[in-house]
Amino acid sequence: MAKDDELGAAAVPEEEGPSETAAADETEDKVEDKVAELTLDGPQEAAKKKKKKSKSKKKKELRVQTDPPSIPVIELFPSGEFPEGEVQQYKDDNLWRTTSEEKRELERLEKPIYNSVRQAAEVHRQVRRYIRQILKPGMLMIDLCETLENTVRKLISENGLQAGIAFPTGCSLNWVAAHWTPNSGDKTVLQYDDVMKLDFGTHIDGHIVDCAFTVAFNPMFNPLLEASREATNTGIKEAGIDVRLCDVGAAIQEVMESYEVEINGKVYQVKSIRNLNGHSIGSYQIHAGKSVPIVKGGEQTKMEEGEFYAIETFGSTGKGYVREDLECSHYMKNFDVGHIPLRLPRAKQLLATINKNFSTLAFCRRYLDRLGETKYLMALKNLCDSGIVQPYPPLCDIKGSYVSQFEHTILLRPTCKEVISRGDDY
């Protein structure tokens, strides 16, 4: 987990005695007082100036994050510059990029975008650090999600489509691999023997950080978690400009399936879930068209300079294949959908709410409830049937199996590869 001084705000050390700066300030204040006495301002005006000066000094002091976190991340970084992620060099045939002046210049031009996504990543790190501290068996899943999401809203200074949550908090349990979040009224409780995938996203100006980790209280599941964590790290290591997506998938599968886990006396080889993938990320577009397989035999398509990718892997003790099941909670407006005429006034009204608050970012039913929408299920179904909105039901392996997931967002910069969402935790 990140330490306090790594949250972008080191505490100001206490000084043992008067520093040179303090002595200089004291001398400057005395001079100002003397000048005031010799001018028309007088001592009262001089006192006002001193007060203003002391206030401005206080503003310059760095702030530290509270516990629980409540200070917007932007206030912890007064310079407006956010921390770079983990930098990895490209492999041999692309090493020349590191020192290329042309490629460095391209990065300077993209700096505002890099800074936005780094801000989103810093929010992600701080939120997950806090959530890890409070997670425990017996929590209502809906309380967990709402605590996490409200913390994101505070730290990212939520502002319409300019800054906020990128998609609903996935907290899929056990054999459910992805796309499950509780709908309003859900009473599911987190148990000691659950394996929970905590997948949440942040964004600034549509620049998305998609990052996930798995929580298991019972140490019996540790090898399963390690399998997906190391498989994800392998995928990150293999990714790069001009690398074929299928080669990344083959490397991931080799690492994932080298692990086995003993659960209640039975040994399972960990399997990569063959119909789940990582993906490229675009502006306001969580899945931007390219898929990063986690088994061998995928696409020959190459990764390209400047692309963002979510490298995510899923390890399973089941069949290693998911299907849609359970009640749907996740929805997303189709990115390329044009104008489609709607007959139902309620569907038109709901679409206006979706356009205003989410655009093409994913949302869930709890988010509609929070906005004051009621009795919207028929209208939502109409939007789905019309092809305007796509439902994303939970993805499940066989009942009784366990799935783990780890995920990071990476950026293929012109000179190097940056693991945007890397933290001290994973």
Side-chain angles (χ1 to χ4, degrees), residues 67-70 123-124 126-156 158 164-203 209-218 221 286 322 324-332 350 353-354 357-358 361-377 379-381 384 389 391-397 399 402-405 407:
D67 185 18
S70 61
V123 170
H124 200 287
Q126 293 196 23
V127 171
R128 72 190 193 229
R129 175 178 182 264
Y130 169 61
I131 292 300
R132 279 177 177 272
Q133 290 173 356
I134 65 168
L135 272 176
K136 59 184 178 182
M139 292 184 77
L140 269 174
M141 299 297 284
I142 198 161
D143 291 345
L144 165 62
C145 289
E146 289 181 350
T147 299
L148 187 153
E149 289 160 358
N150 287 332
T151 307
V152 170
R153 291 181 178 112
K154 284 179 193 170
L155 300 200
I156 208 160
E158 186 178 43
I165 296 168
F167 52 84
T169 303
C171 51
S172 309
L173 297 174
N174 305 324
W175 63 88
V176 184
H179 297 171
W180 186 85
T181 198
N183 288 321
S184 294
D186 190 289
K187 300 297 183 188
T188 305
V189 173
L190 185 61
Q191 306 290 338
Y192 175 75
D193 284 324
D194 281 338
V195 174
M196 177 177 66
K197 283 69 65 182
L198 204 52
D199 187 351
F200 69 100
T202 54
H203 84 94
V209 167
D210 185 0
C211 185
F213 60 98
T214 299
V215 175
F217 304 105
N218 191 331
F221 296 110
I286 188 64
V322 292
E324 294 181 349
D325 196 10
L326 308 177
E327 184 179 55
C328 187
S329 55
H330 285 52
Y331 300 84
M332 186 166 66
L350 184 62
T353 297
I354 292 166
N357 294 280
F358 312 114
L361 296 173
F363 60 94
C364 63
R365 282 158 56 175
R366 282 188 294 106
Y367 293 2
L368 294 176
D369 299 336
R370 186 172 179 270
L371 291 169
E373 291 288 342
T374 57
K375 299 180 181 177
Y376 53 75
L377 289 179
L380 186 56
K381 183 178 184 301
C384 293
V389 169
Y392 290 89
L395 300 170
C396 307
D397 203 326
K399 192 170 183 178
Y402 296 93
V403 176
S404 71
Q405 172 203 17
E407 176 181 25

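Numbers here are sequence positions counted from 1. The structure presented is a predicted model; accordingly, all values stated were derived computationally and were not measured.
Considering every non-hydrogen atom in both Asp397 and Val322, the closest pair reads N-CG1, 3.9 Å. Pairing each heavy atom of Ile134 with each of Met139, the nearest pair is O-SD, 3.4 Å. Contact detail for Ser184 and Ile142: the closest heavy-atom pair is CA-CD1, 3.9 Å. Smallest separation of non-hydrogen atoms from Cys211 and Asp199: O-OD1, 3.6 Å. Pairing each heavy atom of Ala216 with each of Val195, the nearest pair is CB-CG2, 4.4 Å. Nearest heavy-atom pair across Pro391 and Cys384 is CD-SG, 3.9 Å.
A heavy-atom distance below 4.5 Å is not found between the side chains of Ile165 and Phe363. Counting heavy atoms from C-beta on, the side chains of Cys364 and Tyr331 never come closer than 4.5 Å. Using a 4.5 Å cut-off on side-chain heavy atoms (C-beta onward), Phe200 and Arg128 make contact. At least one side-chain heavy atom of Met141 sits under 4.5 Å from a side-chain heavy atom of Leu173. Between Thr151 and Pro68 the shortest side-chain heavy-atom distance does not fall below 4.5 Å. Looking at heavy atoms from C-beta onward, Leu198 lies in side-chain contact with Leu148 at the 4.5 angstrom threshold. Considering only heavy atoms from C-beta on, Thr181 stays 4.5 Å or farther from Phe167 through its side chain. No side-chain heavy atom of Pro168 sits under 4.5 Å from any side-chain heavy atom of Cys145.
Judged purely by atom type and a 3.5 angstrom limit, Ser329 has no side-chain atom pairing as donor or acceptor with the backbone of Asn183. Between the Asp186 side chain and the Thr188 main chain, a donor and an acceptor come within less than 3.5 Å of each other. A donor-acceptor pair is defined here as one N or O able to donate and one able to accept, closer than 3.5 Å; no such pair exists between the side chain of His124 and the backbone of Val209. Remark: side-chain polar atoms of Lys197 are paired, donor with acceptor, to backbone N or O of Asn174 under 3.5 angstrom. Although no hydrogens or angles enter the test, the distance criterion places a donor-acceptor pair under 3.5 Å between the side chain of Thr214 and the main chain of Gln405.
Applying the salt bridge (Lys or Arg N to Asp or Glu O under 4.0 Å) rule to Glu158 yields the partners Arg153; only residues at least two apart in sequence or on another chain are considered. Every residue two or more places apart in sequence or in another chain was checked for a salt bridge (Lys or Arg N to Asp or Glu O under 4.0 Å) with Glu146, and none qualifies.
Looking at Glu327 and Arg365, a side-chain N of the basic residue comes within less than 4.0 Å of a carboxylate O on the acidic one, giving a salt bridge.
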Open item on the list: Between Leu361 and Met332, is the side chain to side chain contact (heavy atoms under 4.5 Å, CB included) condition met? List the steps.
Closed with: CA-CA 6 Å; Leu361 296 173; Met332 186 166 66; over 6 Å; no

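Atoms CZ and CE, from Phe217 and Met196 in turn, are 6.0 Å apart once rounded to the nearest 0.5 Å. Between Cys396 atom SG and Leu326 atom CG the span is 4.5 Å, to the nearest 0.5 Å. For the atom pair Leu368 CG and Phe358 CZ, the distance stands at 5.5 Å (nearest 0.5 Å). The CD atom of Glu407 sits 3.5 Å away from the CG atom of Asp210 when rounded to the nearest 0.5 Å. Here the CD1-CZ distance, from Ile131 to Phe213, works out to 8.0 Å after rounding to the nearest 0.5 Å. Note: Thr169 OG1 to Arg366 CZ = 6.0 Å, rounded to the nearest 0.5 Å.
The aromatic rings of Tyr392 and His179 lie perpendicular to each other, with more than 60° between the two planes, well past the 30° mark.
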